Amino acid sequence: MKGIVVHIDRLVLRGIDAGDAAAVSAGVQAGVQAELQRLQGEPGAAAHLAAGGHLARIRAGSVQLDANSTGSDTGHHIGQAIAGGIARGGRS
């Protein structure tokens, strides 16, 4: 499989403190990368991801966090949700 390119033009996050923006951004990137790498290792998932093509919109759904989540933790969970949305072909 060739590489997967993810370009996020706009990401809407509600309830995120502006002071956590950099950590959340880094966590989103790491979370998407880690989850897509994990999915590529699952039987049949690589073909499913490759068949996905261009997706104009990803429905990642809700992310549940606990009160002690750091900005990086938050971003990682968001990244996992985005990658899951990609794996589902953008559907929720």
Side-chain angles (χ1 to χ4, degrees):
M1 168 190 262
K2 293 182 181 180
I4 297 172
V5 176
V6 177
H7 173 79
I8 300 174
D9 183 51
R10 188 175 101 184
L11 178 62
V12 178
L13 302 173
R14 293 181 181 93
I16 302 296
D17 186 81
D20 287 334
V24 170
S25 177
V28 167
Q29 181 177 349
V32 169
Q33 182 177 9
E35 187 65 9
L36 288 176
Q37 286 174 339
R38 185 192 68 76
L39 288 170
Q40 285 179 328
E42 290 185 3
H48 179 71
L49 289 171
H54 177 268
L55 300 172
R57 173 178 244 165
I58 302 294
R59 297 194 185 277
S62 297
V63 174
Q64 300 297 319
L65 303 168
D66 68 38
N68 298 323
S69 292
T70 65
S72 181
D73 293 337
T74 300
H76 194 79
H77 289 296
I78 292 167
Q80 287 177 323
I82 292 169
I86 292 169
R88 292 187 304 277
R91 298 177 302 278
S92 55

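These values consider heavy atoms only, across backbone and side chains, with no hydrogens, waters or symmetry-generated copies. Residues take their numbers from the sequence shown, with the count starting at 1. Predicted, not measured: the structure shown is a model, and the values here were computed from it.
- More than 12 heavy atoms of other residues, nucleotides or ligands shown are found within 6.0 angstrom of CG on D66.
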Decide side-chain contact (heavy atoms from CB on, under 4.5 Å) for D73 and L65; before the verdict, give the C-alpha distance in whole Å, the side-chain angles of both, and the deciding distance to 0.1 Å. CA-CA 9 Å; D73 293 337; L65 303 168; 5.9 Å; no
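- Contact between H76 and A34 at its shortest, heavy atoms only, is CE1-CB, 4.2 Å.
- Shown here for S69 and T74, the closest heavy-atom pair between the two residues is CB-OG1, 3.9 Å.
- Taking both residues in full, the closest heavy atoms of A81 and V63 are given as CB-CG2, 3.8 Å, listed atom of the first, atom of the second, then distance.
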